[in-house]
Every structure is written in C-alpha cells, then in structure tokens.
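All heavy atoms count here, side chains included; hydrogens, waters and symmetry mates do not. Predicted, not measured: the structure shown is a model, and the values here were computed from it.
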Amino acid sequence: MTSMRRFATRRTRAMAVGLLALVWAAVWLSPAEAQKRGGTLTIVRPTDPVSLDPHLETTAPGA
Amino acid sequence: MQIRPVLAASYDVVAPTRIRFKLRPAVKFHDGSPLNAAAVRFTFERAFKGTPPGRWASLAGPIVGAEVVDDLTVDVVTREPYGPTLRSLAMVYAGIVSPTAVQKMGADFLRAPVGTGPFKFVEWKTNTHVIIERNADYWGDKAPLDRVVFKVVPEEGARMIALQTGDADMVLLPAPASLPPLRRDPKYALHEVPGIRVVGIDMHVGLPPLDDVRVRQALFHAIDRKAILDNILEGAAVAARGIMSPGVFGAKDLQFDRLYPFDRARAKALLAQAGWTPGSDGVLHKGGQRLTLSYLSSRGRFLKDYEITEAAQAMLREVGIETKIETGEWATVFTQLRSDPFKHNLYTGSWLTVNVDADATLFTRYHSKQIPPVGWNNFRYANPRVDALVEQARRSVNQAERERLYGEAQDVIVKEIPQIPIYNTRETVVTRAYVKGFVVHPIEYNLGLARVWLDK
C-alpha cells in the first residue's frame, strides 16, 4: 500500500512537472514564434538572371 | 549601414595591408564539404585570377587575395592600404563558393551555385523560374520558408495581376501607377526605402560626336528630367542630384538643375558652337554627316529604362539629334556593355555603388584604366586629374581626406559630364499582407528572405 501511494505520488508529481513544462513552453514561445509558418514564397521579377555565380554577375532581384 | 559578421566570427587588422579573419567553425557548404580557409583562398583566386576575372575583381580595388594561416584563419591581403576593404568584402559578389562544387561542375556552376547560406539552389529553368529551398543544415537560424520561387514576368502589369490573383506573393519592380491604391488596401503591404542606384543616360566620350564636351552638355540641356520623373516614373523615384546617391560615402550634390537645366535654346546654342547646323529635315549636319547617335537600351532591367530611352529619343529630336535605338534581352545588352570596343554612342543604364563607398563608383567608372572588361568605365572617360584624385582617395584611410578628394573629382567630372543622371531609386517591393518579416534593403541585391515567413 505504501509503495502504491509512493508510486501514485511520483506519478502525480511527474504529471505536474509535465503540465508545468507545457505552461512554461506556452509562455516562452511568443505568439510570433508560434505562428511562423513556412511554405513557398513566390516572387515575380522582370528578367532572368545572366548567371547565378556571385563572382560573374548579379542576380539583381530588381532585374 | 553597419557591416555584421556572417562567415567570419571576428577580424583583426594585423598590418595596413592585411586583415586576419577567424572563420566560424563547423560550417558546411550545401554539398557537405567544409568551409575553411582553403575555400576562402580558392574563392579569391577564382574571382581575381580566373579567365576572364570575375566581376568582383573589377570592384575589389587593391585586394589581391587571401592567404591561409590555419584551417579556420585566413588573411585578406591588399596591395596597398585600402579604406573600403571591409565594405568590399561585404559585397554580394564576394560570396564564398564550394571548391569541390566548382571543380566538379566547371562552367555549369553558374547555373547551379553551391554556397553556405540559409537557402540552397534547386533549379533554374531559363526565362521561367529559379527555385531555392531551405538549407536544413544551415549553421544559423533556419529559414522559416520551405521554398522560394523567382518567376520571370517581364511585363509590369502582368506582375501586378499575379499578385492580385495570388499567383505571386511578392513583386519586384512594381508598376508605379499601381502603388497608390495598394497603399490603402489591407491585403497588401508596400515596403519602401531610399535606394542607392542611379539611373541615367551614359555617353561614349571616345566616339565622335560625343568626344566634344559641348555636344554632351547640349544633350543634358535637351533632356527634361522633371517630365520623365513626373510622367514616366510617377513618383516612384527621386531626381538624381549627383552621379551617386546621397547615402553613399563621398557622394556630392552636383546641382544639376543649376548647371544643366532643361533648356532647349541653350542646347541648340551649344550644338551650333560645336559646328552643327540644321538640315532640311531638322536633323543637324556637320561636314556632310548627320547627327545620328546609336542608342543601346535594356528593357525592364531598371525601372522604366526603355520608356526613358524613348522619351529621350523624342527630346533629343527636338534639338536636331537623331537616335537609333537598339534593345534586346538583358544578357545580350550586358554582353555588349562588357565588351571593348563598345559601338554605341548612348546607353540608358544604371550604376549601384554596391559597397556604399565612392571608390566603387568614382574609381571603377571614371578611372581611365577601368575600361571594360577590366572595369566599368563604359563612358571611356579619361582625365589624368581624376585618375590621380581617385587613386589617392582609395589609398587613404583618413575618411575626411577621402571625402575631400572625392568631392574634387566630382567637381571635375561634372564639367566634362560623360552622363546624364536622371533618378535615384526608391527601392519598392509589394507583398501580400501575410508575408511577414520582410525588410526592404537600400541595396536591392539583399532580399533578406531568411527572416521571412507566411502568416496564412
């Protein structure tokens, strides 16, 4: 009986710690961090690059 | 603008011609090979000693190369003290490339580059798109975006439609006329900052008749820059007040409106002084020759470049100067610009002082030894006094002295005026409102996409 109580106590404690960790995570993760989403960004530009080699030519995003 | 370290963790100026960099440890190129001092040395040798030398070589001043000290320590060496060294190393052209990839791919590297950045190359379909994707092994904060697709849409109206229909999330070089309603629409976000690019008309001073300064000054007086800004650029740019933008170290307000106001009568008087007289059709003649200029123009490379060319053509015709325009794909125009000899009298072009230091413009564009392909003196301009001033300025590390020398050089150049600067850019990017984290940079090459995310 004693061991079961200890187990229950340990289990309860573990659950409490876990719950606390979740709360801490929610607090530390700012709304912006939580919402940062990936996906594909599509950019339209007027011209093709001449080269993608940084030493040879620009890939000027405005061109 | 502040320079911040990326691949270099720290640096130390160990001698007037030597800066020692400690590289960030455990960084890998996208192909898994390590970033180290040997890769930096390889990069410099490739850029400076390749055949032909890389574009960076024409912009790097007296930087001669990199020397390995140990695996993560490298010295950047200059031929003489060079004030803009750090700014030069921060240029987009100074990216460190994977030696393994270059040696494996050879000429194909320019279509499939390998670096160390937060995004890595996926695909380039010519005249259609370039695709990059997140580098999951990046040493720093991982980019939120999974992928970026750069689509080629030459017509500005079509770019705006793509944004409105959702086919695009971001527009580069948006149509100026479309901006006012977008400012009021919460579905979109306008990102604007004064840029540092100057767009104008370059003149080949080595080719008659533009070897005559009176003819060049006449052309400047014949161009109504205000009309171009008001009617073509529609508020999307600001009038150029010098040959460099105000944000550039060493730039001077050359007061073009006072020195070269729009004045057709003055233009005609200068041309008459130079010996040109009107023919029966109004085109000027001299010694049996018509005053006909060959005029090269890009189309869509810079905001309203071709429209400016057409407007200039009409304005020059009003003073008896005939022009024949040639245009083409940017790659074709660019090839001509980088060639010698250059056969055109005029070119609607642009220059970005990419390290925000006057050296990158005044030396690279006006020194007599910087004719393409070595440099970018497309004008073929040569003045020994300007040569001496810009050489002295780049050797100095006293910024006040450098500024004074650059001011004097610009005072000489403005009298000989090998170009007609028209506008300074306002860098404008339009996005859908759900595009977050984007900050437009004065140097258009820096998109900063590693901090961008999508709130949708």
Side-chain angles (χ1 to χ4, degrees), chain A, chain B residues 43 46-47 50 54-57 92-95 97 109-113 115 121 124 126-127 130 134 144-154 156 158-159 162-163 167-173 300-303 329-331 334 352 427 435-437 444-445 447 449 452-456:
Chain A
M1 190 66 121
T2 307
S3 61
M4 281 178 66
R5 202 180 307 135
R6 275 203 212 110
F7 175 76
T9 305
R10 275 203 296 273
R11 190 174 165 206
T12 307
R13 216 179 287 141
M15 285 172 64
V17 167
L19 200 60
L20 196 60
L22 273 176
V23 169
W24 272 110
V27 167
W28 280 109
L29 274 177
S30 70
E33 290 288 332
Q35 288 168 18
K36 275 193 182 174
R37 296 185 195 119
T40 297
L41 177 78
T42 300
I43 302 173
V44 286
R45 48 179 280 159
T47 59
D48 215 24
V50 173
S51 153
L52 296 178
D53 186 333
H55 303 156
L56 292 184
E57 167 52 353
T58 72
T59 58
Chain B
T43 294
R46 176 176 187 258
R55 176 167 177 171
W56 183 24
V92 62
Y93 313 108
V97 298
F109 185 83
L110 70 85
R111 289 196 62 91
F121 173 82
W124 176 8
T126 303
N127 282 328
V130 172
R134 182 198 304 121
L145 292 171
D146 298 305
R147 275 201 161 191
V148 182
V149 179
F150 295 88
K151 279 188 184 172
V152 179
V153 180
E156 65 180 20
R159 294 199 291 279
L163 185 74
D167 285 342
D169 309 298
M170 179 183 286
V171 175
L172 305 179
L173 282 189
R301 171 64 175 85
F302 312 108
L303 184 63
E329 296 267 338
W330 170 237
F334 185 75
L352 177 76
E427 296 305 323
V435 176
K436 303 295 187 186
E444 68 205 45
Y445 304 151
L447 273 184
L449 296 177
V452 172
W453 51 286
L454 304 177
D455 186 13
K456 66 170 183 174

Options [options], ranked by heavy-atom pairs under 4.5 Å with chain A, top entry:
options                       : result
B:V171, B:V152, B:V452        : B:V152
B:K456, B:R159, B:E156        : B:R159
B:G95, B:A112, B:P154, B:A331 : B:P154

- Query: So which part of B:L352 gets closer than 4.5 Å to some heavy atom of chain A, the side chain, the backbone, both or neither?
  - Reply: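 For B:L352, neither part sits under 4.5 Å from chain A.
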- Contact check, side chains of B:F150 and A:P49, non-hydrogen atoms, under 4.5 Å: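 Contact flag for B:F150/A:P49 side chains = no.
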- Task: Examine the side chains of B:R111 and B:T126 and answer whether a donor and an acceptor come within less than 3.5 Å of each other.
- Result: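 Yes, B:T126 and B:R111 have a side-chain donor paired with an acceptor closer than 3.5 Å.
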- Message: Holding to side chain to side chain contact (heavy atoms under 4.5 Å, CB included), I want the full list of residues that pass it with B:A162, two or more places apart in sequence or in another chain.
- Response: A:V44, B:D167, B:A168
- Item | Contacts of B:A158 that satisfy side chain to side chain contact (heavy atoms under 4.5 Å, CB included) - sequence neighbours left out |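 So B:A158 forms a side chain to side chain contact (heavy atoms under 4.5 Å, CB included) with B:V153, B:E155.
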